[in-house]
Amino acid sequence: SKDLERTYLKAIPKTIGNAIKHKRMEEALDRKQKNLEAIFDAAPVGMLLADENMIITRVNDAVRQIFHRDYPQIIDQQIGGAIGCIHSTDNEKRCGCDSVCSECLLRLTIKNVLDSGNSAHNIEIHPRLRIDNNETALWLRMSAEPVSIDGRRHIVISVDDITEHKEAEQKLQLVEDRYRIIFENSAVGIMMADEQERLVSWNGFTETLLDMTREDLYLKPVQSLYPQDEWE
């Protein structure tokens, strides 16, 4: 009523414009938040969100499937207790309280990411967990990304169960080791040649049999080991 020149009329469009802009920003942030939550929940690997004390505040369904645990067993638990580490579940010990916890690669990686603010990728860990009341050792590949939420340090952890892959690798290595033992200790000369019929591999007995060294044999044409008439 004291604004005799009615200058408030000039301010009304600006005030309305600011209100509209603020509302649109709120809606955009809300959409972005929902999109991020949808991505987090739908990720094909396990996703965990932990605070600066390594307390799990959010997980997706893949985590429950990997560790066979329900949300109440995971949320508000430290990382070891959340995934069922035997050192956090036996004798009602908490994560970080056992003597072996100081060497836990999972805890060390998370602490380093929180302290340094740098990401960690493709770290392979082999924790012993209590799953369905049985002690089980899983192979997991984890990555960790630092984030800030409401001004506090948090960390997003992704975990992928690679147990089948690692077991297949170990079986393959075992087969290769057995083959190598047989190959190296065979009492006959065994050689391998490439597509150009040059020697690329052989066992120790071959060198003894032919009285040749590695330098003599490597990429040597197989034909040169035979008399010409026999080769033909």
Side-chain angles (χ1 to χ4, degrees), residues 24-89 93-131 136-170:
R24 287 175 177 170
M25 288 178 62
E26 284 186 339
E27 291 174 346
L29 286 171
D30 184 58
R31 287 195 301 271
K32 185 176 181 180
Q33 179 68 23
K34 288 180 179 178
N35 289 338
L36 290 174
E37 290 176 356
I39 293 171
F40 187 94
D41 292 335
V45 298
M47 301 288 291
L48 304 96
L49 178 65
D51 65 14
E52 56 192 1
N53 297 313
M54 300 189 195
I55 302 294
I56 302 303
T57 60
R58 179 169 185 157
V59 297
N60 66 351
D61 192 59
V63 169
R64 293 178 57 251
Q65 295 179 24
I66 291 173
F67 301 110
H68 296 216
R69 295 174 73 80
D70 294 325
Y71 287 117
Q73 297 174 291
I74 301 173
I75 301 300
D76 295 331
Q77 301 289 325
Q78 280 208 321
I79 183 66
I83 67 175
C85 171
I86 61 170
H87 302 293
S88 299
T89 55
K93 288 183 178 179
R94 295 178 56 212
C95 180
C97 295
D98 196 279
S99 58
V100 301
C101 293
S102 60
E103 301 175 2
C104 173
L105 185 56
L106 174 60
R107 286 181 59 86
L108 290 173
T109 300
I110 293 174
K111 185 177 186 306
N112 182 61
V113 172
L114 285 169
D115 291 345
S116 68
N118 297 322
S119 305
H121 299 286
N122 299 323
I123 308 296
E124 292 187 1
I125 60 176
H126 191 42
R128 300 194 69 82
L129 310 176
R130 190 164 300 286
I131 297 178
T136 304
L138 293 183
W139 278 101
L140 304 172
R141 181 182 290 120
M142 67 168 290
S143 296
E145 192 77 28
V147 295
S148 178
I149 300 177
D150 295 331
R152 295 179 56 196
R153 292 179 302 165
H154 285 71
I155 183 170
V156 176
I157 307 161
S158 66
V159 290
D160 192 13
D161 186 355
I162 58 171
T163 304
E164 290 186 4
H165 174 71
K166 293 296 289 188
E167 288 177 348
E169 275 188 349
Q170 291 171 350

Residues in side-chain contact (heavy atoms from CB on, under 4.5 Å) contact with Ala168, at least two apart in sequence or another chain: none

Please step through side-chain contact (heavy atoms from CB on, under 4.5 Å) for the pair Ile74 and Phe67, ending with a clear verdict. CA-CA 10 Å; Ile74 301 173; Phe67 301 110; 5.7 Å; no

Check side-chain hydrogen bond (donor to acceptor under 3.5 Å, both in side chains) between Asn60 and all other residues, then give those that pass, not counting sequence neighbours. none

Without placing hydrogens or testing angles, list every side-chain donor-acceptor pair under 3.5 Å for residues 138-151, not counting sequence neighbours.
unit_1 : atom_1 : unit_2 : atom_2 : d
Trp139 : NE1    : His126 : ND1    : 3.4
Ser143 : OG     : Asn122 : N      : 3.1
Glu145 : OE1    : Ser119 : OG     : 2.9
Glu145 : OE2    : Ser119 : OG     : 2.7

What are the two closest non-hydrogen atoms of Gly46 and Val63, and how far apart are they? CA-CG2, 3.6 Å

Could you tell me which non-hydrogen atom of Ile86 sits nearest to which non-hydrogen atom of Arg130, and how far apart they are? CG2-N, 3.9 Å

Which atom pair, heavy atoms only, marks the closest approach of Ala120 to Ile123? CB-CG1, 4.4 Å

Measure the CG-CD1 distance between Leu48 and Ile75 for me, rounded to the nearest 0.5 Å. 8.0 Å

Checking the side chain of Asn53 only, and the main-chain atoms of Ile55 only, is there a donor and an acceptor separated by less than 3.5 Å? no

According to the salt bridge (Lys or Arg N to Asp or Glu O under 4.0 Å) rule, which pairs have a member within residues 77-88, sequence neighbours left out? none

Within residues 68-86 or reaching into it, pairs that qualify as side-chain hydrogen bond (donor to acceptor under 3.5 Å, both in side chains) - sequence neighbours excluded: His68-Asp132

Using a 3.5 Å cut-off and no angle test, enumerate the donor-acceptor pairs between side-chain atoms of residues 105-116 and protein atoms at least two apart in sequence or in another chain.
unit_1 : atom_1 : unit_2 : atom_2 : d
Thr109 : OG1    : Leu105 : O      : 2.7
Lys111 : NZ     : Asp115 : OD2    : 2.7
Ser116 : OG     : Asn112 : O      : 2.6
Ser116 : OG     : Asn118 : N      : 3.1

side-chain hydrogen bond (donor to acceptor under 3.5 Å, both in side chains) against Arg64, all qualifying residues, sequence neighbours excluded: Asp61

According to side-chain hydrogen bond (donor to acceptor under 3.5 Å, both in side chains), who are the partners of Glu167, at least two apart in sequence or on a separate chain? none

Applying side-chain hydrogen bond (donor to acceptor under 3.5 Å, both in side chains) as the test, list every pair that has at least one member in residues 155-164; sequence neighbours left out. Asp161-Thr163

Ala43 and Ala62: which non-hydrogen atoms are nearest, and at how many Å? O-CB, 4.1 Å

Could you work out, with side-chain hydrogen bond (donor to acceptor under 3.5 Å, both in side chains) as the rule, every residue matching Thr136, not counting sequence neighbours? none

Can you sort out the partners of His165 under ring pair (Phe, Tyr, Trp, His ring centres under 6.0 Å), two or more places apart, ordered by chain and number? none

